[in-house]
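This report refers to the structure that appears directly beneath it.
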Amino acid sequence: MKKHEEQEWFGLMDEITADLAENHIPDLDTAEFLLEKDPGRLKIIKERTLEKIAGTTPGISTRVEVARSSGELAPAALSDGRMRKNRPKRRRAYALLAAAAALLLAGATLVGSQPEVAAQMRRVLQYLPGFGGVTDSEKTEQRVEYVQPQPSVHKIGRGTVEIRGVSIGEKHSTITLVGTGIPKNDEVVLRNIYGDKYLFRQAMITGAEGGWTGLYGYEGRIKVTDGLVLLAGKDSFPLKLVTPQEAEQIEDLGPTEEHNGIRLTAVSTAVNEQKMKVTILPQIAGQTKIDSYGFHSSYNEIPPAKLLASDTEKEIPYSQDEAFPNPNEVYWDRTEGMEGGVKLVMPALALTRNYENPASIRLPIPEKGSLEINRTFDLFGFPVKVSRVERILKGEKIDGEGDAGEDSIRIWFELHGDEQAAETLYEFPPSLLNGGAVWHRNEQTDKLEWMLLSVQPGQKEYELKVSSLHTRVKGPWEFLIDQP
């Protein structure tokens with residue numbers, strides 16, 4: 001895959017919806033889907049995968065009113081430009097794995113249950129260490145009975161394997177592994193003290209930069225005992241499982257803060273005597289996902305999150321897993337002077353907002369050269385000005401550099417809005433319905449400046465469809481975290 005094509009596809013990943021996923025998810029060159037012979041199950045995995053990509057915590061459901069996209073507003077001003085940066089590929093790939101994990105952990109949605117029976121069930125949320133989320137008994141047909149309390153890392157030759165998460169449910173069980181410098185495993189086996197063996201088959205695997213992460217699932221009941229062992233190839237690893245932490249509402253799991261319609265809960269755990277971990281659990285609309293919390297973020301539009309000693313306000317360094325980190329988790333070391341706990345401050349979040357019905361912008365195309373447009377359109381409540389449309393014929397130079405491989409147009413935008421507003425628009429990729437595209441951000445504002453799209457020779461009009469927006473939402477979200 002060429003560099004510009006990779007940039008296009010990973011940018012467009014943020015707006016995949018269930019109706020488009022059926023054709024596009026299997027094309028990812030970083031994922032291997034091993035359920036082609038079971039199309040029904042594969043379809044479910046894809047659909048649940050989209051829920052995770054959209055930023056939902058499994059089982060936490062909220063409502064959102066989707067704004068209509070029509071109307072013309074007043075013109076605005078012009079800006080400069082730079083190439084849009086790619087987001088780290090391994091994090092995009094891990095989003096797919098975490099999504100499928102959410103599926104196998106949560107189990108199938110309750111279908112056909114009598115309303116009076118469902119009403120009598122007590123809602124239980126279960127925190128799942130290693131998966132960075134929770135399950136909701138109102139949304140699943142099973143309870144999780146055992147989990148691994150913390151990830152465990154084991155050395156194998158010159159490489160390592162991390163048992164990132166283990167969830168044993170009444171009907172479905174899941175294991176995630178992260179390998180570095182070692183071959184991938186097609187399957188793993190859980191063995192109990194009686195010698196009973198349970199084969200976990202690979203449901204999904206992704207790889208990047210010399211590492212890989214795999215999701216393995218088992219259907220059926222597992223007899224959990226002391227002395228559990230995980231068998232992976234010729235290697236065996238002891239497992240310690242505990243019952244999961246439970247609550248009737250997510251706020252009971254940790255301190256909760258809400259700003260601008262986004263509620264976050266911080267769940268802290270002691271990894272060992274020297275290290276702590278916090279997981280941020282979002283309650284957010286199902287078609288919106290959080291791209292970054294500000295933890296070692298590549299999103300320039302949001303300030304970095306800070307961890308401070310509660311007593312002294314001294315900044316504390318934090319870290320994430322080196323291989324395929326959960327984007328909503330960080331670790332830090334306990335030191336002297338932190339007896340009063342720590343304060344986590346997240347000034348802003350980077351979001352992708354997805355919409356079922358695309359917005360459309362119809363633009364005339366000049367026969368050659370540029371055509372001034374100077375019209376402002378409304379994209380889901382955000383003003384977007386199109387300043388001009390430029391036609392680039394096949395073989396012409398693009399900014400004095402490479403030749404155009406096909407007839408194209410370049411649409412120049414001006415994104416404006418109050419920088420002090422609760423939410424600010426930074427860019428929007430074209431819908432998959434438009435095919436591939438390349439887009440650039442302005443060097444000063446870090447906002448979308450222009451977009452390059454393919455057209456047919458002689459084409460006189462272009463309809464740009466937009467079904468996702470990349471925005472910044474201001475906080476701050478602040479959490480006081482005790483250190484037991």
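Sequential numbering from 1 along the given sequence is applied to the chain's residues.
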Any sub-3.5 Å donor-acceptor pair from Glu301's side-chain atoms to Arg472's backbone N or O? no
What's the spacing between Leu308 CG and Leu480 CG if we round to 0.5 Å? 10.5 Å
Give the minimum heavy-atom separation between Leu253 and Gln245, together with the two atoms involved. CD2-NE2, 3.7 Å
Which residues pass the ring pair (Phe, Tyr, Trp, His ring centres under 6.0 Å) test with Tyr426, not counting sequence neighbours? none
Val466 side chain reached by Tyr355 side chain, heavy atoms, under 4.5 Å: no
Measure the shortest side-chain to side-chain distance between Ser370 and Arg410 over non-hydrogen atoms and say whether it is less than 4.5 angstrom. no
N/O donor-acceptor pair under 3.5 Å between Asn326 side chain and Gly130 backbone: yes
List in chain and number order the residues that pass salt bridge (Lys or Arg N to Asp or Glu O under 4.0 Å) with Glu257, two or more places apart in sequence or in another chain; answer none if no residue qualifies. none
Shortest non-hydrogen contact from Pro476 to Val345? CB-CG1, 4.3 Å
Flag for Thr279-Tyr127: side-chain donor and acceptor within less than 3.5 Å: yes
With side chains defined as the heavy atoms from C-beta onward, is the minimum distance between Leu281 and Ile250 less than 4.5 Å? yes
Begin from the C-alpha positions of Asn185 and Tyr216 and carry the test side chain to side chain contact (heavy atoms under 4.5 Å, CB included) through to its verdict. CA-CA 10 Å; Asn185 293 107; Tyr216 306 84; 3.6 Å; yes
Tell me, please, which residues at least two apart from Thr471 pass side-chain hydrogen bond (donor to acceptor under 3.5 Å, both in side chains). Glu423
Quick one: which of Arg441, Lys447, Glu449 gives a side-chain contact (heavy atoms from CB on, under 4.5 Å) with Glu427? Arg441
Could you state the interatomic distance from CD (Gln287) to OG (Ser467), rounded to the nearest 0.5 Å? 9.5 Å
Return the OH to OG distance between Tyr462 and Ser454, rounded to the nearest 0.5 Å. 7.5 Å
Tell me every residue that passes side-chain hydrogen bond (donor to acceptor under 3.5 Å, both in side chains) with Gln459, counting only those two or more places apart in sequence or in another chain. none
Would you compute the distance between atom CD of Glu390 and atom CG of Leu371 and round it to the nearest 0.5 angstrom? 11.5 Å
Between Thr213 and Thr206, is there a side-chain donor-acceptor contact under 3.5 Å, judged purely by atom types and distance? no
So, for Ala421 and Thr424, which heavy atoms are closest and what is the spacing to 0.1 Å? O-OG1, 4.3 Å
Residues which pass salt bridge (Lys or Arg N to Asp or Glu O under 4.0 Å) with Glu367, listed by chain and number, not counting sequence neighbours: none
Quick check on Gln249: does its CD atom have over 12 non-hydrogen neighbours (other residues, nucleotides or ligands) under 6.0 Å away? yes
Heavy-atom closest pair, residues Thr265 and Gly254: CG2-O, 3.5 Å
Side chain to side chain contact (heavy atoms under 4.5 Å, CB included) between Arg263 and Glu251, worked out: CA-CA 10 Å; Arg263 181 177 296 179; Glu251 292 82 0; 2.7 Å; yes
Contact check, side chains of Thr352 and Leu469, non-hydrogen atoms, under 4.5 Å: no
Heavy-atom closest pair (Gln126 atom, Pro244 atom, distance to 0.1 Å) is NE2-CG, 3.4 Å
Under 3.5 Å, side chain of Arg353 to main-chain N/O of Phe380, donor-acceptor pair present? no
Partners of Phe428 by ring pair (Phe, Tyr, Trp, His ring centres under 6.0 Å), sequence neighbours excluded? Phe413
Is it true that a side-chain atom of Glu329 and a backbone atom of Gln320 form a donor plus acceptor pair closer than 3.5 Å? no
Got a sec, which residues hit ring pair (Phe, Tyr, Trp, His ring centres under 6.0 Å) with Trp477, two or more places apart in sequence or on another chain? His259
Who passes salt bridge (Lys or Arg N to Asp or Glu O under 4.0 Å) against Lys474, sequence neighbours left out? none
Would you find a donor on one side and an acceptor on the other, under 3.5 Å apart, between the side chain of Ser408 and the backbone of Ile392? no
Is there side-chain contact between Pro429 and Ser468, with at least one heavy-atom pair below 4.5 Å? yes
Taking side-chain hydrogen bond (donor to acceptor under 3.5 Å, both in side chains) as the definition, give me every residue that meets it alongside Asn260, ordered by chain and number, with sequence neighbours left out. none
From Leu264, Thr256, Leu307, residue fulfilling side-chain contact (heavy atoms from CB on, under 4.5 Å) relative to Phe479: Leu264
Partner set under salt bridge (Lys or Arg N to Asp or Glu O under 4.0 Å) for Arg391, not counting sequence neighbours: none
Counterpart residues, ring pair (Phe, Tyr, Trp, His ring centres under 6.0 Å), relative to Tyr318 (two or more places apart): Phe295, His296
Is there side-chain contact between Lys460 and Ile365, with heavy atoms separated by less than 4.5 Å? no
Determine whether Leu349 and Ile302 satisfy the following criterion, side chain to side chain contact (heavy atoms under 4.5 Å, CB included), listing intermediate values before the conclusion. CA-CA 6 Å; Leu349 304 174; Ile302 64 172; 5.9 Å; no
Over all atoms of both residues, closest heavy-atom pair of Pro151 and Glu162: CB-OE2, 3.3 Å
So, taking the atom named CG in Leu379 and the one named CG in Leu425, what distance separates them when rounded to the nearest 0.5 Å? 7.5 Å
Is it the case that the side chain of Asp407 and the backbone of Val455 share a donor-acceptor pair, with hydrogens and angles ignored and the cut-off at 3.5 Å? no
Could you tell me the separation between the CD1 atom of Ile361 and the CD1 atom of Ile373, rounded to the nearest 0.5 Å? 11.0 Å
Test side chain to side chain contact (heavy atoms under 4.5 Å, CB included) applied to Leu363 and Phe377, step by step: CA-CA 11 Å; Leu363 298 169; Phe377 299 85; 4.2 Å; yes
So, do Asp446 and Tyr299 sit near enough that their side-chain heavy atoms are less than 4.5 Å apart? no
Can you name the residues that form a side-chain hydrogen bond (donor to acceptor under 3.5 Å, both in side chains) with Glu461, not counting sequence neighbours? Arg362
I want to check something: taking the side chain as every heavy atom from C-beta on, are Val342 and Val278 in contact at a cut-off of under 4.5 Å? no
